[in-house]
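Small disclaimer: the values here were computed from a predicted structure and weren't measured. Order of the sequence lines fixes the chain letters, A, B, ..., with proteins taken first and strands second; residue numbering starts at 1 for each chain.
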Protein chains: 2
Amino acid sequence: MATGREIAQLCGVSVATVSRVFNQPETVNEETRERVLRVAKELGYQPNESARALSTKQSTMIGLVWDTDHRRPGWRHPYLQDLLIGLKSALSAHGYHLLMLATSGDAREVGASLADPVGYVNMTRRHHLGGLVLIDSGSDAEAFEAFAQSGVPCVALDVAVDGPKATYVTSDNEGGARQATSHLAALGHTRIATITGPPGNQPSEARVSGYRKALAEAGLPVRDEHIVAGDFYRTSGTLAVQRLLALDEPPTAVFAASDEMAVGALLAARAAGLRVPDDLAIVGFDDIEIASVVDPALTTVAQDKPGFGVAAAKAIMAMITGGGREDPVILPTRLVVRDSCGS
Amino acid sequence: MATGREIAQLCGVSVATVSRVFNQPETVNEETRERVLRVAKELGYQPNESARALSTKQSTMIGLVWDTDHRRPGWRHPYLQDLLIGLKSALSAHGYHLLMLATSGDAREVGASLADPVGYVNMTRRHHLGGLVLIDSGSDAEAFEAFAQSGVPCVALDVAVDGPKATYVTSDNEGGARQATSHLAALGHTRIATITGPPGNQPSEARVSGYRKALAEAGLPVRDEHIVAGDFYRTSGTLAVQRLLALDEPPTAVFAASDEMAVGALLAARAAGLRVPDDLAIVGFDDIEIASVVDPALTTVAQDKPGFGVAAAKAIMAMITGGGREDPVILPTRLVVRDSCGS
DNA sequence: CGTTTCACCGTAAGCGGTTACATCACCGTA
DNA sequence: TACGGTGATGTAACCGCTTACGGTGAAACG
């Protein structure tokens, strides 16, 4: 590992000049600059990031807080991979890396978990992280709020937070749900039910809100018994439909707040001997892989998956360089009409 | 941010003693040790990792090399999320973090891509990474070999590599394929085809090998026209089945080397008016989410998804602390019998 | 021709830890 | 009493980079 000092000696300049060549190139004479760069390249010089971070008190890393909530075992983020792809590539463009912070359960006390946001915040200080990206794992609104208040730049995904240097990015959940429900209404359905996510989950509540608005717009009544609580898991979709079908006036259409639940609903309908979409129309939310392969293929509200990562990266970079708080980002959704809703 | 020096002053000791309290506790008097620890806790002391890394020339981070191969656009790792969960939690247990290294396409030249393993290796030196975990994104055997030869500790997933401090973890692909194929044979099928992954892909080739062995064991002939090349994508499964059905003696069963292709095969069979499993039995590989929800539910070979991450973490930690090369890890697979193969 | 300006560069003091080595008090032993 | 051994701690160099500050010489100015 060649160091700046070695380059300096070979070039007959001081280490300060070498440093300047990389950080404020315009302040050094073109000739010496090129000499330094050439030698640096020859030696395969790689700046020592630890030294740099020690000196500047900032690294080129962003922390990723992603903890599988113990209250929701088995829960999987619907599109983590696309999100990471977007996040990583957008951060790369700024020369930043993503540090997946260790979670709790460590004997050596390096731990941190959503139950203890302080641990994560400590980590960001230890490593001079530029900021934190918070991935929702179900219902961590309170914990996320603590991050936001801590003063470290952070952007939460799918959870609305507020703080001196905090913002969030989320889909237009209300709009998406509204569009989905309206589509069902336009198809002639008058008894449209919905299966919600877990209580307290913000995207879920926005979706319920969109559902209500669509019904109102279509002049349809909102029936409490047509709003049944799920938890985003597939099973809850099945259970919900069983409950709905037992009603005196069962719905002819269902808007599920997640594709997983929509699939569960599909299974329940099939088990009950109903044809989808003829006897029961179903619309989901997310547009995950599964949506296009179930039979009938799921009509669903697609989210801009890589867009989440890109928007998060932009927001965090803006906060790091700008310093102030950024506006929340609401990503547009798109209704993908397939077969499960009829047409 | 309290520093070691502050603690030292408050305790009336030197910084060296403070450092020793955390690194070699046994060498410092119990009384002063407790005093230091108490003050450290009161001040919320967090050791500066940059300084530590600068001094010790090693950080507590492992690099993650995960690049979506440009030759395989749209490719998704079948179970990245579970893998990451396993990896992260196992690394946490050793106090290590996962650094997702930035990929190429950066104006500032920090770049690195699979086409240029050197870039990644440089990154590991810059950041004093303990090692690298290489995630296969299709067919990077050559690039991975370069990593393995570079001398940095690294463990590859699903690609056999060899080097002074390199090893790999993979599933028992041959065994899994063999079991799947044997199961089909035991069901009475005599014309069993297979859809392979992309040429050069090691898991794919091992699966073909297992397929061949199973046929041999069952006393069935291996027909070249029954081995059709796919690329792990769904579409290739569809195409393959179309080709197979056009044969003079079409197969009555198909072993697909990935669930995605199995789903594609399912679609093709359905489109051709065939019933699955009656007219065509299908078995997949991976046991991804989709497998259990398609109709009929897919019989498939399940991989130990979190086990990958855990094994990788163990191997890399062993190489870091031990120094030498570790034995490759072959994870057992498990045949999950559902509906697509008949019974 | 003295003085100011400016581009360029070197000096040196950090940043916050780790650790080889020195120091010192205190003990047991010959 | 002199001496070696031992446990506990301090001293100071070092890791490699950044940057405030000062110095130099040449050009520009009055």
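- An OP1 or OP2 oxygen of dG10(C) is reached within less than 4.0 angstrom by a side-chain nitrogen or oxygen of Ser14(A).
- At the heavy-atom level, Phe22(A) lies nowhere under 4.0 Å from the strands shown.
- Between the CD atom of Gln24(A) and the P atom of dC21(D) there is a distance of 14 Å, rounded to whole Å.
- Counting heavy atoms from C-beta outward, Ile330(A) and Thr170(A) have side chains that approach closer than 4.5 Å.
- Contact annotation: Ser50(A) side-chain N/O to dG16(D) OP1/OP2 distance is not under 4.0 Å.
- Remark on DNA chain D: of its neighbouring residues Thr56(A) and Arg20(B), the 5'-side contact belongs to Arg20(B), judged by nearest-heavy-atom nucleotide.
- Residue Val13(B) is classed as a sugar-phosphate contact, given heavy-atom separations below 4.0 Å to backbone atoms only.
- Here the two rings, on Phe308(A) and Tyr79(A), have centers that are under 6.0 Å apart.
- Proximity of residues 28-41 of chain A to DNA chain C (heavy atom under 4.0 angstrom from any strand atom) is restricted to Val28(A), Asn29(A), Thr32(A).
- For the pair Met123(B) and His97(A), the minimum side-chain heavy-atom distance is below 4.5 Å.
- Rotation axes derived from the C1' atoms of the five outermost pairs at either end of the helix from dC1(C)-dG30(D) to dA30(C)-dT1(D) lie 60° apart, to the nearest 10°.
- Among residue pairs with one or both ends in residues 30-59 of chain B, those qualifying as ring pair (Phe, Tyr, Trp, His ring centres under 6.0 Å) are Phe22(B)-Tyr45(B); sequence neighbours excluded.
- Side chains of Val152(B) and Arg125(B) form a contact here, defined as non-hydrogen atoms less than 4.5 Å apart.
- Put simply, CD on Glu49(A) is 15 Å from C1' on dC15(C), counting in whole angstrom units.
- Taking atom CG on Leu43(A) and atom P on dG16(D), their separation rounds to 14 Å, with Å as the unit.
- Mapping Val18(B) and Ala16(A) onto DNA chain C by nearest heavy atom places Ala16(A) at the nucleotide closer to the 5' end.
- Between Thr3(B) and the phosphate of dC15(C), there is no side-chain N or O to OP1/OP2 separation shorter than 4.0 Å.
- Side-chain contact, Asn48(B) with His128(A): a donor N or O sits under 3.5 Å from an acceptor N or O.
- The two residues Lys88(B) and Trp66(A) make their nearest non-hydrogen contact at NZ-O, 2.9 Å.
- Rounded to whole angstrom, the span from the CD atom of Glu26(A) across to the C1' atom of dC9(C) amounts to 15 Å.
- In this structure, Ile7(B) places its CD1 atom 15 Å from C1' of dT18(C), rounding to the nearest Å.
- Here the CZ-OG distance, from Arg126(A) to Ser59(A), works out to 14.5 Å after rounding to the nearest 0.5 Å.
- Contact annotation: the side chain of Val28(A) never approaches that of Val13(A) to less than 4.5 Å [non-hydrogen atoms, C-beta and beyond].
- Between the CG atom of Leu84(A) and the CG atom of Leu91(A) there is a distance of 10.5 Å, given to the nearest 0.5 Å.
- Listed candidates were dT18(D), dG10(D), dT18(C). Nearest to the side chain of Asn23(B) is dT18(C).
- The CE-C1' distance, from Met1(A) to dG16(D), rounds to 10 Å in whole Å.
- Note on Arg52(A): a side-chain N or O is less than 4.0 Å away from OP1 or OP2 of dT18(D).
- Atom CD of Gln58(A) and atom C1' of dT18(D) are 12 Å apart (whole Å).
- Computed from coordinates, the Arg5(A) CZ to dA13(D) C1' distance equals 12 Å when rounded to whole Å.
- Side-chain nitrogen and oxygen atoms of Ser19(B) include at least one within less than 4.0 Å of the OP1 or OP2 phosphate oxygen of dT18(C).
- In terms of phosphate contacts, Lys57(A) brings a side-chain nitrogen or oxygen within less than 4.0 Å of OP1 or OP2 of dG16(C).
- For dC17(D), the OP1/OP2 oxygens have no side-chain nitrogen or oxygen of Asn48(A) closer than 4.0 Å.
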